[in-house]
Amino acid sequence: MAAASARELGDLVLAEPRLAARVLARANSAFYGLQSPIKSIPHAITYLGVPAVRSMALALLLAETFPAADPVVRRYHERTWSAALLTADLCSLLSARVGVSDAGLLTTHAVLAHLGDLALPAVPGSRPDFAGELDLVTRLTREQEQLGVSSVAVGTILMQEWRLPAPMIREVEAIGRLVVTPPDSRDPGRAAHRGLVYAAMRIADAIVCQRVREPGE
């Protein structure tokens with residue numbers, strides 16, 4: 001997936017019907033405001049861009065890692081999945097404007113930064129129904145108080161357990177730490193990258209939870 005060309009990526013997407021449906025739905029969503037619909041996977045990949053489609057594939061894979069029978073948890077997962085994709089979209093759209101290179105890596109980090117949120121309902125005692133009603137600091141504080149662990153830590157532990165590359169784990173963990181640690185305090189060279197993902201996450205979360213409803217906001 002990481003090295004696939006646009007044509008190879010199209011073949012991979014077509015082999016996964018659920019992913020293909022998601023890609024087409026995303027390209028035709030109100031977020032892009034197209035005048036005429038996109039009807040083919042190659043056209044959708046060309047329009048969305050390879051990094052965005054890779055992010056969708058990764059997000060769908062992560063979402064299917066945590067199946068849920070509870071409708072409350074399913075709604076929570078759908079909201080988290082939407083926030084992850086919107087974060088990746090925002091990162092891709094804004095990266096060039098703020099001088100951050102490697103949009104593909106940026107969007108991968110954007111999706112993985114939601115891993116802990118996706119996994120949180122599996123932690124005994126969690127209540128995913130309240131997540132969308134709270135700001136980030138209050139949410140993390142409540143997770144720590146009620147569960148003894150935050151979603152940021154859960155995501156880091158899972159990435160370590162899955163043996164993802166150590167530099168990737170450090171980067172995603174650093175993004176999660178920005179709620180309490182200034183972005184340039186440890187590695188100034190990565191401040192813009194981490195700050196962009198963190199800001200995009202906060203904007204996406206506000207949009208998905210309908211705290212932000214208009215572009216001007």
Side-chain angles (χ1 to χ4, degrees), residues 1 9 13 18-34 37-38 41 44-66 73-98 100 102-121 128-137 139-140 151-152 155 171-172 175-176 178-179 192-217:
M1 180 68 75
L9 188 60
V13 171
R18 287 190 60 203
L19 178 57
R22 293 278 192 171
V23 168
L24 284 174
R26 190 68 175 177
N28 289 292
S29 69
F31 180 78
Y32 295 102
L34 295 178
I38 289 177
I41 292 299
I45 293 174
T46 300
Y47 182 77
L48 295 172
V50 171
V53 177
R54 285 176 179 159
S55 298
M56 292 184 69
L58 177 58
L60 184 61
L61 176 64
L62 294 180
E64 292 185 340
T65 303
F66 305 101
V73 176
R74 285 203 302 271
R75 285 194 299 271
Y76 169 81
H77 278 166
E78 186 66 25
R79 186 172 59 200
T80 303
W81 193 87
S82 295
L85 288 182
L86 185 51
T87 300
D89 281 344
L90 289 168
C91 285
S92 182
L93 290 168
L94 297 173
S95 58
R97 299 190 183 191
V98 298
V100 177
D102 199 349
L105 189 60
L106 191 74
T107 54
T108 298
H109 291 163
V111 173
L112 287 175
H114 292 80
L115 176 57
D117 290 324
L118 281 170
L120 198 65
D129 55 311
F130 64 63
E133 303 169 5
L134 305 175
D135 64 84
L136 178 66
V137 175
R139 192 169 79 210
L140 292 175
S151 53
V152 174
E171 195 66 30
V172 176
I175 293 166
L178 292 193
V179 68
H193 181 108
R194 295 167 183 173
L196 176 58
V197 177
Y198 181 82
M201 287 179 70
R202 304 283 64 78
I203 296 169
D205 186 60
I207 292 172
V208 170
C209 297
Q210 299 187 333
R211 295 192 296 272
V212 168
R213 296 174 181 269
E214 299 293 334
E217 296 180 81

Problem set entry | Spacing of OG1 belonging to T107 relative to CZ belonging to R54, to within rounding of 0.5 Å | 8.0 Å
For this session: Quick one: pull up CG in L196 and CZ in R194 and give me the separation to the nearest 0.5 Å.
Result: 13.0 Å
Exercise. Tell me, do V53 and R26 make a side-chain contact under 4.5 Å, heavy atoms counted?
Worked result: no
Exercise. Which atoms form the tightest heavy-atom contact between A200 and L90, and what is the distance?
Worked result: O-CD1, 3.7 Å
Seminar exercise, completed: When every non-hydrogen atom of A110 is compared with those of T87, the smallest separation belongs to CB-CG2, 3.6 Å
Exercise. Checking Y76 side chain against D117 main chain: does a donor-acceptor pair fall under 3.5 Å?
Worked result: yes
For this session: Taking the side chain as every heavy atom from C-beta outward, state whether I203 and V212 have any pair of such atoms under 4.5 Å apart.
Result: no
Exercise. Would you say the side chain of M201 lies within less than 4.5 Å of the side chain of I175, judging by non-hydrogen atoms?
Worked result: yes
Problem set entry | Closest contact, heavy atoms only, L178 versus Y198 | CD1-CB, 3.5 Å
Problem set entry | Min side-chain heavy-atom separation Y47-V23 under 4.5 Å | no
Seminar exercise, completed: The reported gap from CZ in R79 to NE2 in H114 (rounded to nearest 0.5 angstrom) is 11.5 Å
For this session: Could you give me the CA-CA distance, side-chain angles and deciding distance for R139 and D205, then say whether side-chain contact (heavy atoms from CB on, under 4.5 Å) is met?
Result: CA-CA 12 Å; R139 192 169 79 210; D205 186 60; 3.8 Å; yes
For this session: Examine distances only and state if a side-chain atom of S55 and a backbone atom of P51 form a donor-acceptor pair shorter than 3.5 Å.
Result: yes
For this session: Locate the shortest heavy-atom distance separating F66 from L115; write the atom from each residue and the value.
Result: CE1-CD1, 3.9 Å
For this session: State, to 0.1 Å, how close W81 and M56 come at their nearest heavy-atom pair, and which atoms those are.
Result: CZ2-O, 4.3 Å
Problem set entry | Heavy-atom pair with the smallest gap, counting every atom of N28 and I38 | OD1-N, 2.7 Å
Problem set entry | Distance (rounded to the nearest 0.5 Å) between L85 CG and S29 OG | 10.0 Å
Exercise. Out of curiosity, L106 CG to C91 SG, how far, rounded to the nearest 0.5 Å?
Worked result: 4.5 Å
Problem set entry | V197 vs V172, side-chain contact (heavy atoms from CB on, under 4.5 Å): CA-CA, chis, key distance, verdict | CA-CA 9 Å; V197 177; V172 176; over 6 Å; no
